[in-house]
Asks: 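The following block contains the structure, expressed as structure tokens.
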Amino acid sequence: MKVCVSVLATTLALATASTQASIIQKNFSLEYTGGTAPVGAPAWLSVKLDDAGSNGSVTMTVTATNLTASEFVSKLMLNLDPALNPTLLTFSSPTKVGTFADPTFSTGANLFSAGGGSNFDLLVEFDNSPPANRFGSGESMSTVIGGIPTLSANSFNFNSSGGSGALNIAAHVQGIGPSANLSGWITIAVPEPTGVAGLAACSLIRRRR
């Protein structure tokens, strides 16, 4: 506790001298549904949310950090601050590293159910065929999310409701195993540090409901 308070004090002191961008990094290292975990060492996937220190837009970067050649992400789900309307969110054309097809973005309050039955507000869906269209090993995608004037990186730092309970984020990985016929739902380890610089170690993920 003393260490946490010390980090907080140091971070607040630095904030008076300069404005820091709010960046939240989510690293997926847990298969939580009793499915099959990806073969490689975690983290298998990462999501970075960066608001560049001001409200109104957030750059989301998704990277397949340690998937094998046959493994691919088919779905990614996030939560939004329940005080905000997810249907107002807008998404720029994605900037991509890799050959995968452009994902689709869908929104709705508690509209999307992940493995275990937890409900989410934002669905990013990737192609699952043909193989060249899949989002897999070493590939990344960035999009700018807007549409809400008060939107910040922390607007996505809320837990889901229902099913498996307090999940902050979830993704579905397919193509796992020697025959590439297994799959699993992955999420971040809890608690995981998030937030701005040194303040990350002390920040708490907020519950949506």
Side-chain angles (χ1 to χ4, degrees), residues 20-30 32-33 43 45-64 73-95 102-126 135 140-173 185-197 199-200 202-209:
Q20 300 183 47
S22 179
I23 299 174
I24 294 177
Q25 180 83 24
K26 300 179 185 290
N27 299 310
F28 292 70
S29 58
L30 175 68
Y32 70 92
T33 58
L45 182 72
S46 70
V47 173
K48 183 173 76 171
L49 300 159
D50 185 356
D51 60 27
S54 61
N55 292 344
S57 68
V58 175
T59 299
M60 179 175 69
T61 302
V62 184
T63 305
V73 178
S74 57
K75 295 179 180 180
L76 170 67
M77 298 186 188
L78 299 91
N79 298 304
L80 186 68
D81 181 344
L84 304 177
N85 182 355
T87 65
L88 298 178
L89 294 174
T90 60
F91 303 86
S92 70
S93 296
T95 300
D102 287 1
T104 60
F105 303 94
S106 303
T107 59
N110 295 318
L111 189 60
F112 310 102
S113 181
S118 292
N119 300 315
F120 291 84
D121 306 320
L122 167 58
L123 168 65
V124 184
E125 196 160 17
F126 297 92
F135 180 68
S140 67
M141 180 277 296
S142 292
T143 184
V144 178
I145 307 174
I148 300 175
T150 59
L151 193 69
S152 70
N154 281 312
S155 299
F156 298 94
N157 206 28
F158 286 79
N159 286 339
S160 63
S161 63
S164 296
L167 293 180
N168 186 255
I169 194 169
H172 192 216
V173 177
W185 282 90
I186 61 175
T187 189
I188 61 176
V190 178
E192 175 169 291
T194 57
V196 181
L199 188 58
C202 302
S203 62
L204 297 176
I205 295 172
R206 289 165 285 184
R207 299 184 69 89
R208 297 187 65 244
R209 300 290 181 265

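These numbers come from a predicted model, not from an experiment.
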Asks: Please give me the minimum heavy-atom distance between Asn79 and Ser160, naming the atom from each residue.
Replies: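 Taking every non-hydrogen atom into account, ND2-N, 3.2 Å.
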Asks: Which heavy atom of Gly108 sits nearest a heavy atom of Thr87, and at what distance?
Replies: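 The pair with the smallest heavy-atom distance is CA-CG2, 4.3 Å.
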Asks: Under 3.5 Å, side chain of Asp51 to main-chain N/O of Ala153, donor-acceptor pair present?
Replies: yes
Asks: Side-chain contact test, heavy atoms from C-beta onward, threshold under 4.5 Å: evaluate it for Leu167 versus Met77 and give yes or no.
Replies: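 Not in contact.
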Asks: Between Asn27 and Ser29, is any side-chain donor less than 3.5 angstrom from a side-chain acceptor?
Replies: no
Asks: In the structure I gave you, are the side-chain heavy atoms of Ile169 and Phe28 within less than 4.5 Å of one another anywhere?
Replies: yes
Asks: For the backbone of Pro86 and the side chain of Thr107, can you confirm whether one donor and one acceptor N or O come within less than 3.5 Å of each other?
Replies: yes
Asks: Below 4.5 Å, heavy atoms only, C-beta onward: do Asn157 and Lys26 meet side chain to side chain?
Replies: yes
Asks: Not counting sequence neighbours, which residues clear side-chain hydrogen bond (donor to acceptor under 3.5 Å, both in side chains) with Ser106? List them please.
Replies: none
Asks: Is there a side-chain contact between Leu80 and Leu122, using heavy atoms and a 4.5 Å cut-off?
Replies: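 No, side chains not in contact.
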Asks: To the nearest 0.5 angstrom, please state how far the OG1 atom of Thr95 sits from the CE atom of Met141.
Replies: 9.5 Å
Asks: In Å and rounded to the nearest 0.5 Å, what is the OG to CZ distance from Ser113 to Phe120?
Replies: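 The CZ atom of Phe120 is 9.0 Å from OG of Ser113, to the nearest 0.5 Å.
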Asks: Are side-chain heavy atoms of Val58 and Phe156 found at a separation under 4.5 Å?
Replies: yes
Asks: Can you measure from CG (Leu89) to CG (Leu84) and round to the nearest 0.5 angstrom?
Replies: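 Separation between the atoms: 8.0 Å.
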Asks: For Phe158, does its backbone N or O pair with a side-chain atom of Asn168 as donor and acceptor, under 3.5 Å?
Replies: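 Flag set: sc Asn168 to bb Phe158 pair under 3.5 Å.
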Asks: Between OG1 of Thr187 and CG of Leu45, what distance do you get to the nearest 0.5 Å?
Replies: 10.5 Å
Asks: Minimum heavy-atom separation for Ala114 and Tyr32, please, with both atom names.
Replies: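 Looks like CB-OH, 3.7 Å.
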Asks: Is the side chain of Asp121 donor-acceptor paired with the backbone N or O of Asn110 at a distance under 3.5 Å, no angle test?
Replies: yes
Asks: With a 3.5 Å distance limit and no angle check, can you tell me whether Thr143 reaches the backbone of Ser92 through a side-chain donor-acceptor pair?
Replies: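 Checking the backbone N and O of Ser92 against the side chain of Thr143, a donor-acceptor pair under 3.5 Å is found.
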Asks: Given the rule in the side chain to side chain donor-acceptor pair (under 3.5 Å) test, do Ser152 and Asn154 qualify, once you have shown the distances and angles that lead to the verdict?
Replies: CA-CA 5 Å; Ser152 70; Asn154 281 312; 4.9 Å; no
Asks: Distance check, rounded to the nearest 0.5 Å: Ser155 atom OG versus Asn55 atom CG?
Replies: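 Reported to 0.5 Å precision, the distance equals 7.0 Å.
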Asks: Find the distance between CG (Leu123) and CG (Leu76) and round it off to the nearest 0.5 Å.
Replies: 8.0 Å
Asks: What verdict does the side-chain contact (heavy atoms from CB on, under 4.5 Å) test give for Lys75 and Phe112, after you've listed the backbone C-alpha separation in whole Å, the side-chain angles of each residue and the deciding distance to 0.1 Å?
Replies: CA-CA 10 Å; Lys75 295 179 180 180; Phe112 310 102; over 6 Å; no
Asks: Would you call Phe105 and Ile145 a side-chain contact if the rule is heavy atoms closer than 4.5 Å?
Replies: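 Contact flag for Phe105/Ile145 side chains = no.
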